[in-house]
Amino acid sequence: MDINSIKGLVPVERKLLTSGFASLDMIEKNQLVSQIAKKEGKMYYEITEDYILEYHKNLKIDVLSQMCNEAIINGFTASNGHTYRTNRDDQINMMGKKIELMEDASITTVAWKTEDVGYIDHTREEWLQVYKESFEHKETNLLKYNTLKQQVRDAQTHEEVLAVSWE
């Protein structure tokens, strides 16, 4: 995900996230203070350097959260070589299918849609492996987000916030 595709950010916030606070000229710094004051219902004099750093951290965490969600929803390629979607509906459908398989041992094949070749038949075991990999895909991205979010929270400077990257 590109920062430019994030909705709701004003240009000075985008520059803060991509280039850092030090890259802002005086006009942009004033725009940022004005933007923060407006968004957070503060007076201009309340927007200190520490306040701006916390604002930067919160912006970065919001962007990382969106990147995490996008990574999960975009799906994954399973060990069988096929690509699977994992949007919210897909995740619910997978859980439902897994419950059905656990309750009915007589089910030996599962037709499931892939992104690369459409619906294909999976053996019970193959589909359960895809389900496992789907869960691991989601869990891996959530854990990555958690780690990066903590790095942002621990950051002491704008440069440290800027250095935290999803990639």
Side-chain angles (χ1 to χ4, degrees), residues 1-79 81-98 112-116 130-167:
M1 171 183 268
D2 181 4
I3 293 287
N4 292 320
S5 67
I6 305 278
K7 291 180 175 40
L9 295 176
V10 297
V12 71
E13 291 172 326
R14 288 183 201 289
K15 187 169 181 182
L16 176 66
L17 288 167
T18 57
S19 303
F21 188 72
S23 74
L24 302 179
D25 62 29
M26 191 54 67
I27 292 172
E28 291 167 324
K29 287 178 180 176
N30 287 334
Q31 288 173 340
L32 181 62
V33 168
S34 177
Q35 182 64 28
I36 294 170
K38 179 180 171 184
K39 272 189 174 179
E40 304 208 354
K42 300 282 184 188
M43 300 299 291
Y44 293 122
Y45 66 84
E46 294 177 285
I47 310 303
T48 63
E49 288 184 27
D50 288 340
Y51 201 99
I52 294 169
L53 178 60
E54 287 306 309
Y55 186 82
H56 188 181
K57 289 180 180 184
N58 290 333
L59 272 180
K60 183 72 165 224
I61 288 169
D62 288 346
V63 167
L64 290 170
S65 176
Q66 289 181 47
M67 290 176 164
C68 176
N69 287 330
E70 186 172 299
I72 292 167
I73 289 170
N74 281 343
F76 69 104
T77 300
S79 59
H82 295 291
T83 304
Y84 296 84
R85 278 188 341 187
T86 50
N87 66 31
R88 303 283 187 261
D89 288 340
D90 296 321
Q91 292 175 49
I92 291 168
N93 292 339
M94 285 185 134
M95 287 188 299
K97 182 56 74 177
K98 183 176 185 219
W112 203 262
K113 185 178 179 186
T114 66
E115 290 299 288
D116 51 330
V130 169
Y131 175 84
K132 179 179 182 265
E133 292 173 24
S134 170
F135 183 80
E136 290 168 352
H137 166 72
K138 182 174 184 175
E139 187 175 49
T140 297
N141 282 290
L142 290 172
L143 292 172
K144 178 179 179 179
Y145 166 68
N146 188 63
T147 298
L148 295 175
K149 179 172 70 169
Q150 192 57 52
Q151 289 175 9
V152 171
R153 284 192 176 140
D154 292 344
Q156 299 295 310
T157 66
H158 289 283
E159 291 76 22
E160 290 174 3
V161 173
L162 191 60
V164 177
S165 173
W166 185 260
E167 301 310 321

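Heavy atoms only: backbone and side chains are in, while hydrogens, waters and symmetry mates are out. In this chain, residues are counted from 1 in sequence order.
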Side-chain heavy-atom pair Phe21, Ile52 within 4.5 angstrom cut-off: yes
Counting only heavy atoms not in Lys38, do more than 12 sit closer than 6.0 Å to its NZ atom? no
Which heavy atom of Leu17 sits nearest a heavy atom of Leu162, and at what distance? O-CD1, 3.1 Å
With Glu28 via side-chain contact (heavy atoms from CB on, under 4.5 Å) - residues at least two apart: Val12, Lys15, Leu24, Asp25, Gln31
Measuring from Tyr55:OH to Leu32:CG, what's the distance to the nearest 0.5 Å? 7.0 Å
Interatomic distance, CG@Asn146 vs CG@Leu64, rounded to 0.5 Å, equals 11.0 Å
Go through the steps for Ile72 and Gln91 under the test side-chain contact (heavy atoms from CB on, under 4.5 Å), then give the verdict. CA-CA 10 Å; Ile72 292 167; Gln91 292 175 49; 3.5 Å; yes
Donor-acceptor pair, Thr147 side chain versus Leu143 backbone, under 3.5 Å? yes
Can you run down the salt bridge (Lys or Arg N to Asp or Glu O under 4.0 Å) pairs that involve residues 40-56, sequence neighbours left out, and say none if there aren't any? Glu54-Lys57
Between Val130 and Ala78, what is the shortest heavy-atom contact and its length? CG2-CB, 4.3 Å
I'd like to know if the side chain of Lys60 and the backbone of Val152 have a donor-acceptor N/O pair within less than 3.5 Å. no
Applied to residues 131-156, the ring-ring contact (aromatic ring centres under 6.0 Å, His included) test, sequence neighbours excluded, yields Phe76-His137, Trp127-Tyr131
Hey, could you give me each pair passing salt bridge (Lys or Arg N to Asp or Glu O under 4.0 Å) that has a residue in residues 133-156? Not counting sequence neighbours. Lys132-Glu136
For Ser134 and Thr86, work out which heavy atoms get closest and say how close. OG-CG2, 3.6 Å
The reported gap from NZ in Lys39 to CG in Leu59 (rounded to nearest 0.5 angstrom) is 6.0 Å
Testing the basics here: between Leu142 and Cys68, what is the closest heavy-atom pair and its distance to 0.1 Å? CD2-SG, 3.9 Å
For Ser23 and Gly20, work out which heavy atoms get closest and say how close. OG-O, 2.7 Å
For Thr83, side-chain contact (heavy atoms from CB on, under 4.5 Å) partners two or more places apart: Thr77, Glu115, Asp116
Partner set under side-chain contact (heavy atoms from CB on, under 4.5 Å) for Thr18, not counting sequence neighbours: Ile3
Between CD1 of Ile47 and NZ of Lys29, what distance do you get to the nearest 0.5 Å? 15.5 Å
Of all heavy-atom pairs between Val33 and Tyr44, which one has the smallest distance, and what is that distance? CG1-CD2, 3.9 Å
Given Thr157 and His56, is the side-chain contact (heavy atoms from CB on, under 4.5 Å) satisfied, shown in steps? CA-CA 10 Å; Thr157 66; His56 188 181; over 6 Å; no
Any chance you could lay out the side chain to side chain donor-acceptor pair (under 3.5 Å) test for Asn93 and Asp90, step after step, and finish with the verdict? CA-CA 5 Å; Asn93 292 339; Asp90 296 321; 4.8 Å; no
